[in-house]
S.K.: 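Have a look at the structure that comes next, please.
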Amino acid sequence: MNIVVGVTGGIAAYKTVQLVRLLIKAGHEVTVIPTEDALRFVGLPTWEAISRNTVTTSVHDDVARVRHVALGQAADLVIVAPATANTIAKITAGLADDLLGTTLLATLAPVAIAPAMHTEMWRHPSTQANISTLRERGVHILGPGDGELTGGDSGPGRMLEPEELFDHALALLAPQDLAGRTVVVSAGGTREPIDPVRFLGNRSSGRQGAALAAEAAARGARVVLVAANVSADVLAASRHPLVDVRPVGTAAELGEAVRDAAASADVVVMAAAVADYRPATAADQKLTKEEGILDRIDLVENEDIVAGLAASRPAGQVVVAFAAETLADADARRERARRKRERKGVDLLVVNLADAENGFESADNAVEVIGDGGSVVASVAGSKRSVSSAIWDAVVKLSQ
Ligand code: CTP
């Protein structure tokens, strides 16, 4: 998507660098339009380097391509962060004395602003009147947050954090094609206890599952996220009023939680890495070398949760499974994926290539989605959020 990030002259501009970085990492095309004042806080080379695009403040540059309106016309979203009291007043009045002003007048895309100023300026009747006018016109007002301000004072006026702005931006861009649906996503990796201090586990961080949950919620779905040993850090990415997180530990707990939620769900996505085996008994005391009881662990097989779900699903429910692959040969990988899809009886099998750059513990992923008749219905590499978006596209297509 094409995103214009307007930056105005406030100290919070330094945080917007991170917002641009997050948008770029999620695969968006970003054009930064700072005001002249904004450049006193963060310089032009920073914006160009981070957005990988030319940056100018003036309507008199790149005139041949009618840049003063072209950027606004091509935008899918315009987000102004930070938005100072002065800029808010200018936007309300429709002033167009710089590139940001003309762009805002020329765009039909959703516009969001993230106010940042001292509490007195935020509460001033002029600012409040401008904000109400903008809100009536459909401008999305993001924040401000309440907290510590630059002068050491505290109160409403603080710009939202870049991660929060990023989530708002994605929500504004997301189609509402999952509205009214309930989806279950499992994430993370199960841990099968050996004794009170040891377990059999795997390297799944839960990032892909958390991203799937966040993307589904942004597209309007009610989400149950069954999270197996997912850190709070990773879970933060899925924080959304429509996401209900249910933490679990073992494969048995995960199975129970997923089955419970799946009974009334339209879609189940099993992104969790579930242990295929568990120790036959979990000792209630720590096993020790001295007693010589650590040299062998008897295993019993765990039930295949997703296969069970697929076999007894309610009519119309879409079931998606994942498979981690280390096979480099694409044909061999696909062949194995086709067999696995058949065996599990699922609609879609997402094959992720678990190598150094992708898959477990990393921010990026590369997947192929295998559908009906073993065909490759999607192939995508990128951030786990953009991979999620492609997976939900494939699910939506199936249930149309
Ligand atoms: N799965 C499950 N219950 C299990 C094991 C796996 O529901 N007991 C699900 C996982 O959540 C995932 C898919 O099945 O959606 C992975 O299948 P699996 O057969 O474990 O494949 P791989 O992990 O790729 O391993 P392998 O091919 O070695 O079996």
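All ligand and atom numbering here is 1-based and tracks the order in the structure.
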S.K.: Around atom CZ of R137, are there more than 12 heavy atoms from other residues, nucleotides or ligands closer than 6.0 Å?
M.R.: yes

S.K.: Cluster question for you: counting only ILVMFWY and a side-chain heavy-atom cut-off of under 4.5 Å, with indirect links fine, are F322 and V369 together?
M.R.: yes

S.K.: Strictly under 4.0 angstrom, heavy-atom based: which residues surround ligand 1?
M.R.: M270, A272, V274, A275, D276, E303, D304, I305, V306, A321, F322, A323, A324, K340, K344

S.K.: Which donor-acceptor pairs under 3.5 Å do the side chains of residues 105-114 make with protein atoms, sequence neighbours left out?
M.R.:
from: T107; atom 1: OG1; to: G72; atom 2: O; distance (Å): 2.8
from: T107; atom 1: OG1; to: A109; atom 2: N; distance (Å): 3.1

S.K.: Take atom CZ in R67; do more than 12 heavy atoms of anything else shown fall under 6.0 Å from it?
M.R.: yes

S.K.: Would you give the length of the straight line joining atom NE2 of H68 to atom OG1 of T56, rounded to the nearest 0.5 angstrom?
M.R.: 13.0 Å

S.K.: Quick one, E301 with Y277, criterion side-chain contact (heavy atoms from CB on, under 4.5 Å). Give me CA distance, side-chain angles, the key distance, then yes/no.
M.R.: CA-CA 4 Å; E301 196 166 351; Y277 295 89; 3.8 Å; yes

